[in-house]
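Report on one structure; see the data block that follows.
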Amino acid sequence: MTGYLTPEHRKMLLDSAISAEVLDASGIRSTPTSLEFPWDDGNGPIIWQSRPDHPKGDAKYLFPRGAKVGFNKLRDQDDTSPLAIIEGT
């Protein structure tokens with residue numbers, strides 16, 4: 001899964017200790033006003049979480065109103081590795 005990232009968004013994520021390899025495989029993408037993170041549980045449609053460049057209020061990460069967000073599948077076709085459940089994006 002690949003997504004287009006602006007150089008500014010890519011630098012911000014790399015500076016947050018997200019490796020280039022993870023970025024290139026994650027599907028995170030830039031829009032004109034935000035970053036979007038795909039949430040894919042493997043059983044339904046992808047739900048896109050938005051991180052606005054200039055958040056209004058206290059919310060930094062937003063899901064579409066009414067979205068049913070489950071666990072995010074971070075790895076494909078690997079059922080043998082340990083599983084880590086981590087809160088947050």
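No chain of hydrophobic side-chain contacts below 4.5 Å, direct or via other Ile, Leu, Val, Met, Phe, Trp or Tyr residues, connects W39 to L62.
Side chain of S30 to main chain of T6: a donor-acceptor pair is present (N/O by atom type, distance under 3.5 Å, no hydrogens or angles).
Considering CZ of R10 and OH of Y4, their distance stands at 10.5 Å, rounded to 0.5 Å. Atom CD1 of I28 sits about 11.0 Å away from atom CD of E36, to the nearest 0.5 Å. Distance check, rounded to the nearest 0.5 Å: CD1 of I18 to CG of L13 gives 4.5 Å. Here S26 contributes atom OG and E21 contributes atom CD; the two are 11.0 Å apart, rounded to the nearest 0.5 Å.
Here the closest heavy-atom approach between residue I46 and residue P38 is recorded as CG2-CB, 3.7 Å. Shown here for W48 and P64, the closest heavy-atom pair between the two residues is O-CD, 3.3 Å. Across all their heavy atoms, A20 and L14 have their closest contact at N-CD2, 3.6 Å. The shortest heavy-atom contact between T31 and H9 is O-CE1, 4.2 Å.
When the salt bridge (charged side-chain N to carboxylate O under 4.0 Å, His left out) test is applied to D15, the partners found at least two apart in sequence or on another chain are K11. Judged as a side-chain contact (heavy atoms from CB on, under 4.5 Å), and not counting sequence neighbours, the contacts of K60 are R51, P55.
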**side-chain contact (heavy atoms from CB on, under 4.5 Å) between Q49 and F63, worked out** = CA-CA 5 Å; Q49 181 186 40; F63 283 104; 3.4 Å; yes
**Request:** Could you walk me through whether L35 and S50 pass side-chain contact (heavy atoms from CB on, under 4.5 Å), step by step?
**Result:** CA-CA 6 Å; L35 277 169; S50 176; over 6 Å; no
